[in-house]
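Shown next, in structure tokens, is the structure this report addresses.
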Amino acid sequence: MEKIKMTTPLVEMDGDEMTRILWQMIKDELLTPYIELNTEYYDLGLEHRNETNDQVTVDSANATKKYGVAVKCATITPNAARMTEYNLKEMWKSPNGTIRAMLDGTVFRAPIVVKGIEPCVKNWKKPITIARHAYGDVYKATEMKIPGAGKCELVYTAEDGTETRELIHNFTGAGVVQGQHNLCNSIESFAKSCFNYALDTKQDLWFATKDTISKKYDHTFKDIFQEIFDAEYKDKFEKAGIEYFYTLIDDAVARVMKSEGGYIWACKNYDGDVMSDMVSSAFGSLAMMTSVLVSPDGYYEYEAAHGTVQRHYYKHLKGEETSTNSVATIFAWTGALKKRGELDGNQDLVEFAEKLEKACIKTIEDGKMTKDLALITTNPNPTVLNSENFIKAIRQTLEEL
């Protein structure tokens, strides 16, 4: 069989630990035998980020702007323990955070639904996609410990030197304070990415904040969404037969639990972080969650929603067998290949990516799976495979399709 050719490169961002091992296995077993893989490679492994003073992360984001589509392996965001372990020059920032900020993107996360892996919420029948704003709030907060009694204020100094002040609190003893911010142009990008993605996927869009309590901060999000929707998207949504509505975050949570799924739930940064983990876990496994960063300028970056699987990596280093679920990482590749194929008019590439996704799902539904899924499947006799053999089983299914 002749290999599928690619006209434009994908930006390939390699990562860390067990997911880095899986990354190479996926390429060797599931991609390069079938595709003349054309990628511009960036090593975002922590050691290389340290060597380049994290310039490699910036370079990979700029390459994504150039080529339009990227695929990313999970990476380490270092803490104090990692500083020592990897002998780092400094505690480098999250690569995902850097890339999100540079692409001005919104993260869309959705579970991969498979028969035999039943959601904990019994009425969920269709995937729920979480759209997470990827800028600001607590992730760019400034914090201060208050040692004792005193007054704390928010101060805005305009360019002409005039000041506006708001009292935060009159402290009578020790405490803690945090200053958060967001940017109207970032919220506008978030809104447009959500509306565009809803139209692309033909799904209803919900947006939820806590504007009844946060009457300026959260209310600004609500107002910007509504203004953009009314001005640019209302007619498009009506023609597509889909709906946009705003609700309070606590009402949204109650609605989500009673719904059957099949919509996009847009959340602010922290809410999206937490709710995507809740949704993925309730659907079965964080290893069965897709994640794509969508920029309003038309850039796409696909990745798995989970981390680097550190515990399995340490077992792997000792020569012990691991049974690590690679599905979300495979779907990062298929998502990127499908988008590359769509943008380039390369139907063979799109069809191959779709076929590989079907092979992943069929392998699991046929009872061949990794240990994490075997523990939760309703399949009576699952075959538990190690990391490598699971990928090989997917290849066998792919050959048979």
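Index from 1, following the sequence.
- Note that Lys268 lies in the cation-pi zone of Phe221, set by a 6.0 Å cut-off to the ring centre and a 45° limit from the axis.
- Formation of a donor-acceptor pair under 3.5 Å by the Thr75 side chain with backbone atoms of Pro95 is not found in this model.
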Practice item. Could you go through the side-chain contact (heavy atoms from CB on, under 4.5 Å) check for Lys371 and Asn386 one step at a time? Key: CA-CA 8 Å; Lys371 188 179 178 182; Asn386 66 26; over 6 Å; no
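- Side-chain contact annotation: Gln310 with Thr308, donor-acceptor N/O pair under 3.5 Å absent.
- Using the six-membered ring where Trp is involved, His316 and Tyr313 have ring planes that are parallel, under 30° apart on the 30 and 60° scheme.
- For the pairing with Trp265, the side-chain contact (heavy atoms from CB on, under 4.5 Å) check across Leu205, Asp204, Thr129, Val253 returns one residue only, Val253.
- Here the two rings, on Phe190 and Tyr135, have centers that are 6.0 Å apart or farther.
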**Study point:** side chain to side chain donor-acceptor pair (under 3.5 Å) between Tyr67 and Glu40, worked out
**Key:** CA-CA 9 Å; Tyr67 293 111; Glu40 190 162 296; 3.0 Å; yes
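- In summary, the side chains of Asp277 and Ser280 do not present any donor paired with an acceptor at a separation below 3.5 Å, with no hydrogens or angles considered.
- For Phe195 and Phe225, the ring centers are positioned less than 6.0 Å apart.
- For the residue pair Thr397 and Thr363, a side-chain donor N or O sits within less than 3.5 Å of a side-chain acceptor on the partner.
- A heavy-atom distance below 4.5 Å is not found between the side chains of Thr370 and Leu385.
- Ring centroid separation for the pair His181 and Tyr217 does not come in under the 6.0 Å cut-off.
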Check your understanding: Yes or no on side-chain contact (heavy atoms from CB on, under 4.5 Å) for Val11 and Val69, after CA distance, side-chain angles and deciding distance?
Key -> CA-CA 6 Å; Val11 177; Val69 186; over 6 Å; no
Distance-only donor-acceptor pairs under 3.5 Å for side chains of residues 292-306, two or more places apart:
from, atom 1, to, atom 2, distance (Å)
Ser295, OG, Leu103, O, 3.3
Ser295, OG, Asp297, N, 2.9
Glu303, OE1, Asn96, ND2, 3.4

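- Put simply, the residue from Asp43, Asp16, Asp14 that forms a salt bridge (charged side-chain N to carboxylate O under 4.0 Å, His left out) with Arg49 is Asp16.
- In this structure, Glu90 has no salt bridge (charged side-chain N to carboxylate O under 4.0 Å, His left out) partners at least two apart in sequence or on a different chain.
- None of Lys355, Glu2, Lys3, Arg395 except one satisfies the side-chain contact (heavy atoms from CB on, under 4.5 Å) rule with Tyr34; the exception is Arg395.
- Figure legend: cation-pi geometry between Lys236 and Tyr233, with NZ or CZ positioned under 6.0 Å from the six-membered ring centre and within 45° of its axis.
- Both cation-pi conditions hold for Arg132 and Tyr139: the charged atom is under 6.0 angstrom from the six-membered ring centre and inside a 45 degree cone around its axis.
- Below 30°, between 30° and 60°, or above 60°: for Phe108 and Tyr197 the angle between ring planes is below 30°, a parallel geometry.
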Exercise for review: For the pair Val155 and Thr164, evaluate side-chain contact (heavy atoms from CB on, under 4.5 Å) and give the outcome as yes or no after the intermediate values.
Suggested key: CA-CA 6 Å; Val155 182; Thr164 307; over 6 Å; no
